[in-house]
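This report refers to the structure that appears directly beneath it.
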2 protein chains.
Amino acid sequence: MQSFPQGHTGPAGSDVLVIGGGIIGLVTAWRAALRGLRTAVADPDPGGGAARVAAGMLAAVTELHHGEQTLLGLNLASAERYPAFVAELEEASGQDTGYRACGTLAVALDADDRAELRELHALQLRSGLTAEWLTGRECRRLEPMLAPGVRGGLRVDGDHQIDPRRLATALLTACERAGVVFHRARAERLSVVRERATGAVLADGRALTADQVVLAAGSLSGRLAGVPDDARPPVRPVKGQVLRLTVPRPYAPFLSRTVRAVVRGSHVYLVPRENGELVVGATSEELGWDTTVTAGGVYGLLRDAHELVPGLTELPLTETRAGLRPGTPDNAPLLGPTALPGLHLATGHYRNGVLLTPVTGDAMGELLATGTLPAAARPFTPLRFTTNARPVRQEQPA
Amino acid sequence: MQSFPQGHTGPAGSDVLVIGGGIIGLVTAWRAALRGLRTAVADPDPGGGAARVAAGMLAAVTELHHGEQTLLGLNLASAERYPAFVAELEEASGQDTGYRACGTLAVALDADDRAELRELHALQLRSGLTAEWLTGRECRRLEPMLAPGVRGGLRVDGDHQIDPRRLATALLTACERAGVVFHRARAERLSVVRERATGAVLADGRALTADQVVLAAGSLSGRLAGVPDDARPPVRPVKGQVLRLTVPRPYAPFLSRTVRAVVRGSHVYLVPRENGELVVGATSEELGWDTTVTAGGVYGLLRDAHELVPGLTELPLTETRAGLRPGTPDNAPLLGPTALPGLHLATGHYRNGVLLTPVTGDAMGELLATGTLPAAARPFTPLRFTTNARPVRQEQPA
């Protein structure tokens with residue numbers, strides 16, 4: 001079933017060891033196990049990670065950025081995969097993932113915002129995407145809670161959402177049912193024998209061996225000891241603070257789709273779940289490993305959200321939390337083999353980890369089972385940062 | 001030792017039963033026990049109540065309001081009692097209460113604020129209080145974190161603070177050491193026999209008897225079943241939302257005294273503890289029994305605090321909470337006997353519960369032991385609302 005040499009497996013050995021049990025590590029492990037590979041995951045708290053904080057927007061179209069057309073292709077492919085992926089995962093886990101095909105409305109609050117949104121619209125149309133320009137009045141007709149000052153907006157019916165906590169829990173169950181073994185400890189050091197990754201040593205002293213190792217530890221992926229410099233993922237933590245409000249039943253539905261805007265240069269979005277949770281995100285801060293919820297972070301989110309949807313002042317504020325996105329130099333993920341044989345990466349998903357979960361699982365499952373990274377994932381090889389290949393963001397639109 | 005008829009005590013009987021184990025109930029029970037009375041407290045969670053939320057300002061001078069000169073007298077008496085009270089309580093409990101003689105600075109951010117603060121200053125001087133007017137520059141010299149826009153302020157060196165949570169815990173320990181018996185259940189109904197209060201029935205079905213009953217259940221005091229209409233305390237819940245930030249060591253001391261202001265009509269205060277906690281309060285909302293922390297409440301507090309001390313955006317936001325002040329028609333407490341023999345009140349302390357804890361304990365201890373309410377407390381008799389006596393707030397300044 002696989003093209004890599006055997007011989008490293010033993011009592012603590014497996015075909016595949018995934019370091020990191022966030023949604024990316026879990027989907028990788030699940031897909032590997034479904035391919036018949038004996039798979040283990042090392043994580044002190046599987047199902048945790050940035051997905052515990054993320055809002056779960058599947059925003060391939062509204063999060064389009066200039067110069068990221070290659071990433072757009074992957075994002076769109078994953079968005080398209082989502083309904084089938086969710087159906088399969090819900091069947092395998094017996095759990096609801098909170099997937100909601102609700103669409104998104106991106107609005108402008110002043111003339112500058114409107115100009116920026118118009119430019120995004122033009123870029124979307126040039127990229128062959130579907131987005132409809134609405135007047136302020138049309139926006140408010142769709143979402144009556146919007147501020148009277150909304151000047152216009154973009155209706156994107158294809159950008160949906162999922163509940164990332166439910167997604168993580170469902171993936172965990174699906175992994176367990178598929179026979180994935182969980183080692184609930186932090187991986188401290190990559191084991192390397194004769195210039196080949198052979199497993200990892202855990203914080204509790206256990207040594208795990210595996211034919212293939214996948215480093216999927218999100219923003220922490222660059223910190224694993226024992227990884228040679230030329231295989232070390234160039235990820236950095238990008239802090240995001242997120243609030244969770246609750247929509248009491250008498251106020252429901254409050255919002256019927258994801259609403260987002262740029263307010264004075266900072267992005268704010270409101271993601272309404274069917275269970276009444278309303279997620280408000282997110283700050284973007286380069287502060288290292290800090291995950292403190294700050295007065296300023298919460299203030300800024302509430303201020304911007306209040307400007308967008310004034311009526312939310314009445315809603316209970318039920319949670320404040322910060323997480324770390326794994327940023328990369330070109331904002332695109334790191335998928336596939338590294339310069340060190342036996343070591344693969346599945347990390348660096350930055351703002352798109354939830355969106356990219358299905359295609360990441362597909363690509364990593366294929367790689368682990370056949371030794372070949374599918375064509376769609378090849379632009380995202382980690383080797384682009386260690387060879388002369390160009391970073392993804394520098395590629396031009398088709 | 002007491003002038004009330006005996007005979008109601010038994011296995012579940014005592015001389016005094018205090019309904020409610022917040023700081024007012026506890027200080028009453030402690031003082032009664034020190035007078036040699038067998039004392040019991042009924043509360044599902046003694047040491048809880050509004051003091052878990054309160055900031056703990058001892059602000060007799062800065063919280064002076066027109067028309068509340070009688071209350072001012074009680075407030076000042078209690079502020080004066082505080083150092084000796086704290087010394088006795090810390091000795092009795094073996095615990096630190098976080099009392100801090102740090103003073104208060106009340107500042108103005110715009111011309112309207114300044115005019116209002118000038119008027120408060122004039123009222124303070126007419127009332128014989130000590131408060132010094134400072135320019136904006138002088139304010140910032142005292143507290144360098146203040147916003148550059150501060151227009152002036154009042155330095156009140158006599159308005160201190162205490163940590164209400166520590167106060168509650170110390171009172172609980174002092175009560176236990178003094179032999180107070182705790183019944184950890186909610187009192188559901190006052191027992192009345194032959195037009196005299198004789199105890200209470202608890203939610204777990206137990207019937208407690210006592211010669212004297214003190215109703216000290218804060219905003220809940222009006223809800224106890226079995227209290228005749230003419231003895232029922234006219235208290236209502238006034239919701240306050242409060243934030244707790246943390247000052248990391250490198251930022252300390254950040255603020256060295258309590259800083260407060262009126263920002264666009266709403267009061268905001270910042271109370272810095274020596275342990276690094278920075279309390280930001282408080283909303284004032286008439287919403288019944290609702291204790292929800294809302295997006296709008298937190299937003300308003302952060303907005304106003306940020307306007308006052310912009311640098312606090314960097315500080316961790318560690319707690320958000322709402323509590324219920326026991327408001328009364330004249331904003332003054334209800335202390336002493338009711339129209340129902342055997343039933344006393346110690347409630348309705350509104351914004352001043354922490355400040356008034358020492359004198360409340362003194363007054364209630366004296367009343368319970370001797371049958372006579374001390375002169376200082378007599379203007380606050382509950383009978384002012386059931387007879388022709390005038391409410392406290394209508395008395396004029398001396």
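Throughout, protein chains are lettered first and strands after them, A, B, ... in sequence-line order, and every chain is numbered starting at 1. As a basis for the values below, the full set of heavy atoms in this structure was taken, side chains included, without hydrogen atoms, waters or symmetry mates.
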Here the pair of heavy atoms bringing B/Arg303 nearest to A/Tyr299 is CA-CE1, 3.4 Å
- request: Assess whether atom CD of B/Glu319 is packed by more than 12 heavy atoms of other residues, nucleotides or ligands within 6.0 Å.
  value: yes
Looking only at A/Val298, A/Thr318, A/Thr313, most heavy-atom pairs under 4.5 Å shared with chain B are made by A/Thr313
Cut-off 4.5 Å, heavy atoms of chain B, and the answer for A/Leu312 is both
*asked:* side-chain contact (heavy atoms from CB on, under 4.5 Å), that's the test. Do B/Thr294 and A/Leu315 meet it? Break it down for me.
replied: CA-CA 5 Å; B/Thr294 63; A/Leu315 304 183; over 6 Å; no
Greatest number of non-hydrogen atom pairs under 4.5 angstrom with chain B, of A/Leu317, A/Thr320, A/Leu243, falls to A/Leu317
Among B/Leu301, B/Thr292, B/Val293, the residue with the most heavy-atom pairs under 4.5 Å to chain A is B/Val293
